[in-house]
Amino acid sequence: MGKKFLWGSATASYQCEGAWNEDGRGLSIWDEFSHHSDKNINNVTGDIASNHYHQFEEDIRMMKEGGQNSYRFSIAWPRILPKGKGDVNQKGIDFYHRMIDCLLKNGIEPNVTLYHWDLPLPLQEKGGWENEETAYAFAEYARICFSEYGDKVKLWVTINEPHYSITSMYGAGNYPPNVKDGQRCIKAAYITMLASALAVKEFRKFSNIGQIGIVHDASPCYGVDDSKETQFAVRMADNLFNNWVLEPTMRGVFPQDMLDELAKYYDLSFMKKENSEIFKSGTLDFIGINYYSRSFIRSYTEGESYIGVNNTGIKSAVDQPLMVMKGMFEQIKDPGGEFTDWDMEIYPQGMYDTLRQIRQRYGDVPIYITENGVGLYEKLKDGRVEDDGRIDFLSKHIKEMLRAKEDGANICGYYVWSTFDLYSWVNGYKKRYGLVYVDFEDDNRRIPKKSYYWYRDFIRSNNNKNWGIEQ
Ligand code: BGP
């Protein structure tokens, strides 16, 4: 049996399901954040979100009518294990069976992420990703999911964006538990990677269960010039942004020059020797790439490490540099760049460059573009959303992806972020990414945007090509 190129779209549990206190679901760190934190600057919650928990059948029907043949979604850990470990919640298990069955009935291949940031609150209370026990609890949760859904799901992802999520939680401090501490950040990043490797170890105990990968927020790094100092800065940025995740998952080790450099500033004794075997046996079958933007890098000048973020939606709300890594590099905004209202640079060529780099470094490994999209302010006008900006963004990025594919990168699928409008974390609901508009004011009514039809027609007109993949 051959393999089809997957054209789909993606969501994540906390961002869209709602039903936060239904059917035995436990609390996650995002419930705690959205209900109680003063850092929740947009003052909204995921309590109802896009109401996907109750409307998933309608959403899946729209995917099918939109020509999509795959759906990437995540399982909410607190629905399966309300306390993070221990007692299993059967109603949570049943919900994802219903969702997966509905997808399969509609000819849509499920691509399932085990952790997309909704860490069970009881685990956070015991140290969260700073505590190795969380990694072992994750492996146990993963095992339960493999044994429940493994005969139906053939594409699995351990963790969504370990780099971006952990630096937001412990570096920028805008994600719960809202910490700004480099030492704690690096430890949490390490334990998250350990969790992924432990889950892979569980996965390998099953047969006929498909493939497992990780989803990485790829950020190709470009220097402001070609000087020796800048080259060092670019290498360090590439280590922290990309290699920290890709090297252990592809080769089973962390980059030595990164460890040497970090050791000058941080205590790395939490990286236990006895774990190195776990990393070596925890390498993955494919890489999921979320591509949004690139990093523009110059050498370190002065000051303490920090990370700036724009969750306000007011253009240029962040100062230069965007990020400082003491002694290593600074990330800045390219003065000539094109930016969204949330200061994300639009840089389609980065899609090509990042895919080419992966091919150079890791050869033929299968790659899925697990997220690509743009957040915009949008309003219904005469019952329609004419999101030409999104169509422009997606078509340019898909073109770059296909160029990389023609040049030999083993790309097997592409997913738009997002299937429909949803909770954009600290940005709330005004930053919209969906192919389908959700009218949050009117009973979560679904209205396909212009981009939904554009994507449908694009898939249709390209379905006859086999993209180099056996049909
Ligand atoms: C990725 C996440 C998604 C999604 C997207 C857009 O990092 O995997 O969950 O949210 O980015 O980011 P944001 O919603 O913060 O604009």
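Index from 1, following the sequence. Atoms within a ligand are numbered from 1 in the order they appear, just like the ligands themselves. The figures here come from the full heavy-atom set of this structure, side chains too, leaving out hydrogens, waters and symmetry mates.
Here's the thing with Y164: none of its N/O atoms is less than 3.5 angstrom from an N/O atom of ligand 1.
A ring pair (Phe, Tyr, Trp, His ring centres under 6.0 Å) with W117 is found for one member of F33, W30, W425 and no other, namely W425.
Taking 4.5 Å as the limit, every side-chain heavy atom of N160 sits out of range of all side-chain heavy atoms of H216. Residues L155 and L6 meet the side-chain proximity criterion, which asks for heavy atoms closer than 4.5 Å.
Nearest protein heavy-atom neighbour of atom 15 (O) of ligand 1: N427 ND2, 3.2 Å. Protein heavy atom nearest atom 2 (C) of ligand 1, with residue, atom name and distance: E371 OE1, 3.4 Å. For atom 5 (C) of ligand 1, the closest non-hydrogen atom on the protein side is Y292 OH, 3.3 Å. The shortest contact between atom 7 (O) of ligand 1 and any protein heavy atom is with E161 OE1, 2.5 Å.
Aromatic ring pairs are classed by plane angle as parallel below 30°, tilted from 30° to 60° and perpendicular above 60°; the pair Y368 and F286 is perpendicular.
Looking at Y433, W417, W425 and measuring to atom 16 (O) of ligand 1, the nearest heavy atom belongs to Y433.
Proximity of D217 to ligand 1, defined as any heavy-atom pair under 4.0 Å, is not found for any part of the residue.
Near H116, the atoms of ligand 1 lying under 4.0 angstrom from a non-hydrogen atom of the residue are 2 (C), 3 (C), 8 (O), 9 (O). Applying the 4.0 Å criterion to heavy atoms of S424 picks out, from ligand 1, the atoms 13 (P), 14 (O), 15 (O), 16 (O). Distances below 4.0 Å separate heavy atoms of N160 from the following atoms of ligand 1: 8 (O).
The side-chain tip of R432 points at the ring of Y437 from less than 6.0 angstrom away and within 45° of straight on. A cation-pi contact, defined as under 6.0 Å to the ring centre and within 45° of the axis, links K333 to F339. Relative to the ring axis of Y415, R72 does not place its NZ or CZ within 45° and under 6.0 Å from the centre.
Under the 4.0 angstrom criterion for non-hydrogen atoms, W117 is in contact with ligand 1.
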Check against side chain to side chain contact (heavy atoms under 4.5 Å, CB included), E247 and F254:
CA-CA 6 Å; E247 287 291 299; F254 291 95; 6.0 Å; no
